[in-house]
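Since the structure comes first, as structure tokens, the remarks are kept for the end.
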Amino acid sequence: MNKAQNFLKGIFSENPVFVLLLGMCPVLGVTSTLFGAIGMGVAFTIVLVLSNIIVSLIKNFIPDEVRIPAYIVVIATLVTIVQLVMQGFLPSLYDQLGIFIPLIVVNCVILGRAEAYASKNNVGNSIIDALGMGVGYTIAIVVLAFFRELLGDGALTLFIYGDINLKLNLIPNNAFEPMSILTLAPGAFITLGFLLAIINAIFKNDKETKKQKTAKA
């Protein structure tokens with residue numbers, strides 16, 4: 001697998017959300033606004049890239065018997081740093097993400113990449129793997145948040161800081177009655193279900209087309 005394939009697999013064939021369905025708690029919990037989804041995606045990607053780098057560097061010095069606890073210590077340390085930085089410089093985002101920031105420690109995507117990839121590969125490939133997975137994860141939750149907030153509230157929250165609340169109203173007044181249920185917990189499952197159905201239908205048709213071309217050849 002070359003570098004491009006290593007990066008793109010996290011976005012398409014092994015997308016953590018739309019294909020592997022991993023790390024779903026924050027996916028469902030923070031996607032009620034676009035601002036929260038972008039913030040979680042960036043925080044997730046930073047922790048994933050740094051943890052893959054550190055695990056790849058120290059993999060030969062950690063006994064197999066304690067490798068998982070060691071990986072968790074690395075990830076927990078990085079999450080604590082990200083949490084403190086966010087609390088200090090982006091308090092509005094910190095308040096919005098809440099418990100889902102420390103829960104990054106137990107996100108199975110990050111621990112899974114450390115165990116399945118970074119512990120068996122060099123630093124360069126581990127960075128590319130983490131970037132691909134992070135970008136794929138961020139795209140997925142941003143798409144989910146886009147539809148949930150737009151259809152559920154009629155606007156998109158782009159930025160919040162103190163008294164500043166930058167919202168983009170894309171639907172004119174009285175042109176559409178927002179479906180407020182989409183911004184609630186059930187709406188996360190409903191929106192994700194529709195997106196998965198659409199994606200599966202597209203990839204199914206693509207696979208069938210490739211099979212037909214292969215059969216004719």
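These numbers come from the heavy atoms of this one structure, side chains and all, not from hydrogens, waters or symmetry mates.
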*Counting N and O atoms only, with roles assigned by atom type, does the side chain of Glu149 sit under 3.5 Å from a partner on the main chain of Thr157, one being a donor and the other an acceptor?*
yes

*asked:* Is a donor from one side chain sitting under 3.5 angstrom from an acceptor on the other, for Arg148 and Thr191?
replied: no

*Any chance you could measure Leu144, atom CG, to Leu28, atom CG, to the nearest 0.5 Å?*
7.0 Å

_For residues Val79 and Ile81: do they belong to one hydrophobic cluster (side chain heavy atoms under 4.5 Å, members Ile, Leu, Val, Met, Phe, Trp, Tyr)?_
no

*Under 3.5 Å: donor-acceptor pair, side chain of Asn6, backbone of Asn125*: yes

*Any link between Leu151 and Leu168 through a network of hydrophobic side chains (Ile, Leu, Val, Met, Phe, Trp, Tyr) touching at under 4.5 Å?*
yes

*Quick one: do Met133 and Tyr117 end up in the same hydrophobic cluster if we chain Ile, Leu, Val, Met, Phe, Trp and Tyr together by side-chain heavy atoms under 4.5 Å apart?*
no

*Given side chains that start at C-beta, do those of Phe44 and Ile141 come closer than 4.5 Å, heavy atoms only?*
no

*Determine, using the 4.5 Å side-chain heavy-atom cutoff (strictly less than), whether Ile46 and Val106 are members of one ILVMFWY cluster.*
yes

*Distance from Thr33 atom OG1 to Gln96 atom CD, nearest 0.5 Å?*
3.5 Å

*Looking at Phe7 and Ile11, what are the two nearest heavy atoms and their distance?*
CE2-CD1, 3.6 Å

*Answer yes if Met179 and Leu184 sit in the same cluster of Ile, Leu, Val, Met, Phe, Trp and Tyr residues linked by side chain heavy atoms under 4.5 Å apart, and no otherwise.*
no

*When rounded to the nearest 0.5 angstrom, what is the spacing between CG in Asn107 and CE in Met24?*
10.5 Å

_Residue Lys120 excluded, over 12 heavy atoms near NZ under 6.0 Å_ = yes

